[in-house]
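Note sheet for the following structure.
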Protein chains: 2
Amino acid sequence: MDLWFTEKHTDDVNFTIKVKKQLYSGKSYYQEIDVFDTYEFGRVLVLDGFIMLTEKDEYIYHEMVTAVPLAVNPDIKNVLVIGAGDGGTVRELTRYQSVENIDMVEIDEQVVQVCKEFLPQTACRFDDPRVHLFFEDGLKYVRRKQNEYDLIIVDSTDPFGPGEGLFTKEFYGNCFKALTDSGILINQHESTYYDSYVDMVKRTHKRIGASFPVTMVYQAHIPTYPSGHWLFGFASKNLHPVYDLKADRWNALGIKTRYYNTELHKGCFALPNYVLEILENS
Amino acid sequence: MDLWFTEKHTDDVNFTIKVKKQLYSGKSYYQEIDVFDTYEFGRVLVLDGFIMLTEKDEYIYHEMVTAVPLAVNPDIKNVLVIGAGDGGTVRELTRYQSVENIDMVEIDEQVVQVCKEFLPQTACRFDDPRVHLFFEDGLKYVRRKQNEYDLIIVDSTDPFGPGEGLFTKEFYGNCFKALTDSGILINQHESTYYDSYVDMVKRTHKRIGASFPVTMVYQAHIPTYPSGHWLFGFASKNLHPVYDLKADRWNALGIKTRYYNTELHKGCFALPNYVLEILENS
């Protein structure tokens, strides 16, 4: 059988992967949810037609949103995760014994249920006693919090559809308020390669900068996202992602990673000129 | 009209781009040559069905094979370029006033002719008086050379078809011999993301290491190559690509680049763990 899934990276660029079987297809209150089994990437989660993760390379995204802040502040104890229904971010966080509490706020319970059934590679640590799941709007949840979390990870969908509110100035301001004095905010920051994404990146960077004194951007190679050149935001009240890196302490933890290492940590903040220019003109 | 070009990144992954017009299609003695005008990437050069460059992002490749060695040794005067028929590597080299001579050895004259006609963005500096074009097999050319070049850039097609001989142990040994004592060899090193490429990367790395005491690998984001995570080899007789970086001297040249900068230079040698493991097991 010749079954192919296509994601439109732009109107004029398609990324197409051969599918063994469609394992799940459903529609929640918020979005369309699909899971495919594929030849090249293993199982693939698709929301509203966009690839969210593949079993082949999800570790890149999930290591990069967790190891980077935890190597800057190994004393992080209380973490808020917004979105991340697939469970990959929680899985990585539970590898750190020093983390005492993980609150995860996902708007769409159906995503978590589907991932528990079809993506055990990522949805495997929801039963850790430190993890508390809240099925509600992250935007509203964070409004009620003050000086509580050492780390907030915004592991959202793109800035349209259900994730839209997680890219607003009000939301970033509330994240600042919800963080402790050494707090760090990590967010997925889209990509600057295709022109159609540039305005979103600029807007996000500007809005975070309106609340946080330290706002840096770092990059990773994630081949199954549009262009494969993916950006993340690192914002904080006072910690610098490179100058404050505690490489020795992180390495002493002995956490085995497939993408992240502390040399790459320093390297991933060195952005190409064309990306720097876009961020500077935000 | 709905005209699309597809490159198979693997048997199970297609990258497909919308085409305005096929500007050229021909067959040389060595390979099939196509040039498309596309909506997203401008003009695109395709050899034997594989994208070699696009006007949108060719600067990434061409800056990374030239600025990296020239920032490590700003005294490079005599350069040998093998392959590179599109002219992009030569264009970048001619921006360095300190470079006195550029010998370019391309096996396929027809590629140069087609690029001169259809890709003026890259094929624009062949008339620089320092540039000397030789249409012959780079493998044979380099056998005759000894202690002559400060830099050899192997800007070849993939390790099958006409480029195959440029990935052999004999070839790398001859490059070592052709280089001066401070000589640097840069080669395009494929990618490790898709399993189907891994053996080639290992073999290449091992073969270069058999001749050169310093063999490092660096990376760039090139979205129009398979996986977008592309590797380059930096081999030398004694210069280290990061410890010997002359950032101040390179920055003083005032060369405007769109991807490369000297911070990124340091960062691009910090590879992900899964790439390091593949290279270590070569």
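Because only heavy atoms are used, hydrogens play no part in the values below, and waters and symmetry mates are left out as well, while side chains stay in. Protein chains get the first letters and strands the later ones, always in sequence-line order, with residue 1 at the start of each. All figures in this text were calculated on a predicted structure; none of them were measured in a lab.
Between chain A and the residues Leu271(B), Thr16(B), Asp12(B), the largest count of heavy-atom pairs under 4.5 Å involves Asp12(B). Contact count versus chain B (heavy atoms, under 4.5 Å) is highest, among Tyr39(A), Tyr194(A), Tyr260(A), for Tyr194(A). The residue among Val19(A), Thr38(A), Ile60(A), Asp57(A) with the most heavy atom pairs within less than 4.5 Å of chain B is Asp57(A). Interface remark: of the candidates Ile17(B), Thr6(B), Leu264(B), Leu264(B) forms the most heavy-atom pairs closer than 4.5 Å to chain A. Ranking Trp4(A), Tyr59(A), Phe15(A) against chain B, the residue ahead of the rest is Trp4(A), based on heavy-atom pairs under 4.5 Å. By number of non-hydrogen pairs under 4.5 angstrom with chain A, the leading residue of His221(B), Gln219(B), His9(B) is His221(B). Heavy-atom pairs under 4.5 Å with chain A were tallied for Cys268(B), Pro226(B), Ser227(B), Ser196(B); the largest tally goes to Ser227(B). When each of Thr224(B), Asp11(B), Thr257(B), Ile222(B) is scored by its heavy-atom pairs under 4.5 Å with chain A, the top score falls to Thr257(B). Contact count versus chain B (heavy atoms, under 4.5 Å) is highest, among His229(A), Lys18(A), His265(A), Arg258(A), for His229(A).
The part of Leu276(B) that comes within reach of chain A is its side chain, from C-beta onward, which places non-hydrogen atoms under 4.5 angstrom from that chain. Neither the backbone nor the side chain of Lys20(B) comes within less than 4.5 Å of any heavy atom of chain A. The contact between Tyr259(B) and chain A is made by backbone and side chain atoms together, counting heavy-atom distances below 4.5 Å.
A salt bridge between Lys256(A) and Glu277(B) is present, with a side-chain N of the basic residue lying under 4.0 Å from a carboxylate O of the acidic one.
Using a 4.5 Å heavy-atom threshold, the side chains of Asn273(A) and Glu63(B) count as separate.
Lys8(B) NZ: more than 12 foreign heavy atoms inside a 6.0 Å radius. Enclosure of atom NZ in Lys21(B) is not indicated, since only 12 or fewer non-hydrogen atoms of other residues, nucleotides or ligands lie within 6.0 angstrom. The local environment of CZ in Arg95(A) is crowded, with over 12 non-hydrogen atoms from other residues, nucleotides or ligands closer than 6.0 Å.
The two atoms that bring Glu263(B) and Ala270(A) nearest to each other are O-CB, 3.5 Å, heavy atoms only.
In this structure, Tyr193(B) and Phe41(A) have tilted ring planes: the angle between them lies in the 30° to 60° band.
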Give the intermediate values and the outcome of side-chain contact (heavy atoms from CB on, under 4.5 Å) for residues Asp195(A) and Lys56(B).
CA-CA 11 Å; Asp195(A) 292 344; Lys56(B) 183 181 171 76; 4.0 Å; yes
